[in-house]
Amino acid sequence: MTSMFELRDITKSFGTNQVLRGVDLDFEPGRVTALLGANGAGKSTVIKVLSGVHEYGGTISLDGAPITVDSPGTARRLGIEAVHQKISDGVIPGLSVAANLLFDEIVTNETSRFASSRSLLPKAKEMASILDLGWTDAQFKGDVDDLLLADQQLLLLARALVRKPRLLILDEPTSALSKAEADRLFEVIEQLTEAGVGVFYVSHRLREIDRIADELVVLRDGQIRGRYEPPFEWSSALDDMLGQTRAETEERNDEMQGTSDVLALQGVQLLPKADPLHVTFRAGEVTGVFGLLGAGKTELASGMFGAAPFKVGAMTLNDSPYSPRSPSAAIKAEVFMVPEDRAAGTLVGDWSIARTSSLPFLSAVSSLGVLNAKSEHDVGEDVIKSFGVVANSAKDPVIALSGGNQQKVVVGRWLKEQPAVMILDEPFQGVDIGARHDLVVRVREVAKAGSAVILMSSDLEEIMQAADRVLVLVDGEIQHDTYLSQTSREEILDSLVTS
Amino acid sequence: GGSDASSGGGDTDSESGSDTTVAAAAGNDMPAPFDEGPVKIAIVQNSGAGDYFQQWTAGANLQADLIGFEVQIFDAQADNAKQATDMETAIGLGVAGIIVDHGQTDTMCPLINDAIEKGIKVVIYDIAIAECAPDAVETSQSDADLATLVLTQMAADVGKDVSVGYVNVLGIAPLDRRHVIWDEMVTANNWSQDFFVGEFTNSVATDNARLVDAALRANTGVSAIFAPYDEFTKGTVSAIEQSNLQDSIRAYGIDISNADIEIMTKDGSPWVATATTDPNAIGAGVVRTMALELAGEQDSRTVQFPGVLVTQDFLRENSITNMDDLRVSLPALNLTDTSSADWIPSLEFK
Amino acid sequence: MSTTANTDTTGTKGLAPAATRAFSAREFAVRYGFIIVTILFYAFFYWTEPAFRLETTFFSMMKFTSVVAITGLGITTAMTVGGLDLSVGSTAGMSVTISAMTMVIYAQSAPLAVGAVLVGGLLIGAMNAFLIVVLKIPDLLATLAMMFSIQGLKLIPVDGQSVSSGLILRDGTVAPGKFTEGFLKLDRGFVGPVPYPAILMAILTIVMWFFLTHTKWGRVMYAIGSNPEAARLAGVKVGLYKAGAYMISGVMASISGLILSSRIGQGDISAGASLLLDGIAVALIGTSVLGANRPNALGTALGAVLMGILITGTTIRGYPFYLQDVVKGAVLLLALVFSFTLSRKKHRHQPAVPM
Amino acid sequence: MSTTANTDTTGTKGLAPAATRAFSAREFAVRYGFIIVTILFYAFFYWTEPAFRLETTFFSMMKFTSVVAITGLGITTAMTVGGLDLSVGSTAGMSVTISAMTMVIYAQSAPLAVGAVLVGGLLIGAMNAFLIVVLKIPDLLATLAMMFSIQGLKLIPVDGQSVSSGLILRDGTVAPGKFTEGFLKLDRGFVGPVPYPAILMAILTIVMWFFLTHTKWGRVMYAIGSNPEAARLAGVKVGLYKAGAYMISGVMASISGLILSSRIGQGDISAGASLLLDGIAVALIGTSVLGANRPNALGTALGAVLMGILITGTTIRGYPFYLQDVVKGAVLLLALVFSFTLSRKKHRHQPAVPM
Ligand SMILES: Nc1ncnc2c1ncn2[C@@H]1O[C@H](COP(=O)(O)OP(=O)(O)OP(=O)(O)O)[C@@H](O)[C@H]1O
Ligand SMILES: Nc1ncnc2c1ncn2[C@@H]1O[C@H](COP(=O)(O)OP(=O)(O)OP(=O)(O)O)[C@@H](O)[C@H]1O
Ligand SMILES: [Mg+2]
Ligand SMILES: [Mg+2]
């Protein structure tokens, strides 16, 4: 029998960089096919081929008949809906939330060509209800830009789900979502599969794959290296994914407990309605700040970094008053931060790895303001080596790296130094297990060497793997503060709810 | 550009100076409509910018004050469409008379006729409207006269059968009139016109300097250049100096101003002669013509203001450094007996 | 539970508060500041200058405004797709020459002249689109190059001369035709007391406003201007829409060219020179009207009206032209302070410097 | 570890192929096409026009080039921080007036005039910076407003007239001073056969090139132009650098003003009018030189030189000015095709976050 969509020997290169080398994939109605692969394996590229973004070699056939997917429009007509990895590739700032929800319908004339903004509202609400997005009218009418990252991701999902396509493609849809939101998404996916929709699901989160996938395909270096039926054989799947390497998932027994207080917050108010919070971060340990989306992690991080100074409250750094009005002030005080949104927060045009890495520390690679190309290049190479970035050389543009490798660069450039405080806001978004492991090791080294490391994440796994001490943040208030050895996953999750 | 009219005339004007004397004292009994109160008129200028129009406007203002006109000035900054709008506005204002200073025939004629139909007297300066608006009074400085004066001088200086250059732009009434004479003189003296360049941009002098400079490289052996508009002449002069040809090439222009005098009298200046009228005096003359027209004493439909020749030598001999010195040395510039009447206080610019 | 999380997260930052904030002094200034400035200026001139009160003054002001406004509408359209059209001034100038040639040199009828001009504008737009969409040249550069080219090209057939009846042709004969009465009516005609150009301006403004805000095409154009990649991924034929926007811009420019031509009554080669900067100015001012923070037709028209009020008012007060420039600049600045300094909104569709 | 995985991937996309690609015909066109065009034009005029071969022609060509080039360098600097400076033309014009006033009306020395002009340019830059950085007005709009304002303001102290010696002041006395010989030397002086302006242009080009590409300040400016938020989060004082860029732009403009003033020899009020568009044109052309795809000093200078070659060459050939515009536009287009149509470079210097 022939399956719904058949991909045969799909190839794709960017310049001389061959990313896909003959990929075969089958998608069946009502089946969830999960794709696992290291950063740069080519997952997003497969998706972009299938959704008509890239030209490609090889054949795609639908119900046995060969087809060509030459544009996103064609893909849609063929019943392929994709939610791409980058949220910024989906939402359209400047248009209302409603218009964004209905944008596909607007383009395909499923709404009247002369529809007024008002007349869009009912349909938009209907769509939002799929994911129980309880937005107010004001929000529906307002600019989509006023939504949080998470809400924007949910909007894009709703937009795709409502179309009940033949094949639904989701590229790391949960990397910005809280657990509850993710669960809701899975329920909907289950409903859709019952209705015969085929789903192509890309994620780094093994638990999610375990939960929803009917089939697991592993991609490495642009080739399929393994296919699995549930229950999935994780150890061998991870081998396929990472080549000979073996990702250690062993118990941790290396907890560090810092002694000297470095950064202390007194009466800081994170969110308008939240109680003031008092907390101290210590050198020599990794403090994980765990909280759902919108809990205030980014507020906390950008407050301490001076990117968005706290309105209420005070801070001391090594017992002297510390109130940075700008990141540059914070950096002078040796407080560093890796921001949450990689594209908007760190990537500069087509800059090479070397340039991107040296940007925060230009004085170090220049004398009397004149830059030293050599030492700059070395900085780049250093980052590549110590973080195992997949790249030819420090001259490669960061933008051409895969998501995970980009993240290694932007985290790595800060860890060359030995800061007093290192803040990482969602540093593992879209980072595969291998890459995450590398990052964790280095981060912990920095802590061991005497920095106070603060790691914000809405993914408990990440906290458990990287942190010594955990703070649970709920609506801008600290609900739980303890060392991991003295608590359990259950206790932490409870502290989320019992507030 | 100095359309600083509403600020009341000559006081802020630089080039006519403040020491003007009223020659024929104001006649005691003025004819209608001047007998009761100030008379409102409008001046609709195509462009008030540049030394020439500045002095023109200044003179007009001084004369207007003496006669008792209340003047509203419109300056279109060389934008013909804007001038049309200005004219409409002026007509709407219900003034007794409108003076139209330069502009495009096709643009202004219909509007001039509108004005005349509405009983507004119209005096125009330097637009060819004889056929299309016969009822308006057409005044002009005699461009033919100016061109003849200076080209005769040029012929005397360089003689026949020589190579000459020409800087001009056609399609602008006065320049066209000067062009006619140029053609005549070229054939008459059997000059060979090696180049004819020129462009009318918003920085005329600089841009034409570029053109002439290039032209001079392409054509060596030119012995004189005629640039019948002082902005052109300025450009020409600086181009000649660029190429260090001041000894071999003479420049001839039309019009004069403080800046021009400085350039002409500077050591080794190639600009040896220009023909001119005093823009101040002309401005005043046009206003006087309007006064006569309103009083019903202007019979002829055309008034021409004669020009005079000013040579480099003359300037040097009388050590003239600015317009005032020039006016002292050349009383003829004052045009006091053109469009004059005993009841009109006429001006002498010193 | 995630739902509750969402609702309260937005509670803390969301739009409900924004709605109430809308009545804070600051928000008020942002929304209405610009309109108030316009009214104040109008009132000021109205009380101080009797001549300004005249109906004739008002309508000749509107005539003046119309050209800038219509050009501005074109630029606005290009701005909605994230571009900018620097060729509008030259296009208007070209239209003046084309119309003059058609009627004067080829002695054709007014309708034909109008047709020729509009087609001309459409072609320029298409050419811009070709450079931008097919040859992938950034908007600013492509239209700048076009600006230079047109400026020169339009003068070749007329040997760089203004075309007016009685023109001597290359073969020495006199040009047979002239500007027809009908054509001259374009600028000089009235409906009651209202001049045609003012009516045209009103109509085009409303049409463009409806097109941009109430139709699919307008929405998609805004989308392209704000996030082209997302639009493309959603299946929008981005190139097609960009092309459309530039063609509209070209046609608008040629329409203002028609009005100019009819106003000047001859193929003035310098016509349209000042139009580009004024057009951009009003289109940019327009983005600040009613706190829209994006290019929009109504704002542009209002910007043009303010510009008209200032020019006319200061002229009647007899300010020298340089003081008029100062006032122009100062008011532009004021409008900008309202929408950018005071407004908290993010701004988009600012023509980025394209590298 | 996964590092091993890397090595095997890297093998597949090793350096060798990338290196070879650099020499594909297309890449070649992108890199050198523009320079070749320049050389071809030069050669063409050189062979066809004896007058063009003259050393004097070459240097007077350089003199005309220098003004545009220096203005372009200023615009380039503003472009590196993601902005654009529309006020350069007026600033140059203002400088002409200021220098004339200082020497003619106040009878001061040339050095003082130069000082006054440079300070003037610096202040304009600071004002632009204030509007953009403090008042948060987008660059295009802020500098547009400044353009209008300066154009008018500069004429107030001189009652809108050109300042030249012999000028009669308001109080009726004759202006005491005149353009000093020393000042006139600025444009008319030579070192050997080389005119000062050409030397000045060369020096400023090299200085700006070094500043932008080899110092940390230049590096940071590019970062800001490309992604201001990223620069800020990397500890850059964005506002400070933007201000710096606009001050440089202002000073550059005032320097070209000085040259103009010395060339015209009087306070011509219309000076600098055509400078804005030419300056932008060369700065934009510059982005395409050597496939840089970002504003850069050398490219800008080269763009100005090409412009100069075209103007001089075509004038010597006796082309009417309108044909020169056509050529200008066509060449600009050609340069653009090289760098944008043929270039495969995806990621250009472009503000990532909308203003
Ligand atoms: N537009 C592009 N231009 C050039 N190279 C690209 C482009 N997109 C992807 N690549 C390259 O293709 C390879 C695969 O990228 P892709 O995004 O598909 O990886 P991925 O599996 O999605 O990684 P991640 O898990 O980090 O998202 C990477 O090496 C990347 O450098
Ligand atoms: N740009 C903003 N303006 C105003 N309020 C905001 C803004 N961004 C977030 N908030 C508010 O701050 C709170 C925390 O948002 P934030 O983005 O910091 O969540 P978070 O804890 O960082 O989660 P994540 O980082 O995973 O998105 C939310 O309640 C949200 O309403
Ligand atoms: Mg991916
Ligand atoms: Mg966050």
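- Side-chain contact, A:Ser363 with D:Lys216: a donor N or O sits under 3.5 Å from an acceptor N or O.
- Contact between D:Thr215 and A:Leu371 at its shortest, heavy atoms only, is O-CD1, 3.5 Å.
- Only the side chain of A:Lys332 comes within contact range of chain D, with at least one heavy atom under 4.5 Å from a heavy atom of that chain.
- Heavy atoms of D:Phe211 lying under 4.5 Å from chain A are absent altogether.
- Residues D:Ser226 and A:Gly349 approach most closely at OG-N, 3.0 Å, considering heavy atoms.
- The candidate from A:Ser326, A:Ala307, A:Pro339 with the greatest count of non-hydrogen atom pairs under 4.5 Å with chain D is A:Ala307.
- The choice from A:Pro360, A:Ser366, A:Gly345, A:Ala330 that makes the most heavy-atom pairs within less than 4.5 Å of chain D is A:Gly345.
- Closest non-hydrogen pair, A:Trp351 versus D:Ala223, comes out as CH2-CB, 3.5 Å.
- Heavy-atom minimum distance, D:Gly235 versus A:Ser328: O-CB, 3.0 Å.
- For A:Phe305, the part lying under 4.5 angstrom from a heavy atom of chain D is the side chain only.
- Taking each heavy atom of A:Met337 and D:Leu233 in turn, the nearest pair found is CE-CD2, 4.3 Å.
- Using a 4.5 Å cut-off on side-chain heavy atoms (C-beta onward), A:Val370 and D:Phe210 make contact.
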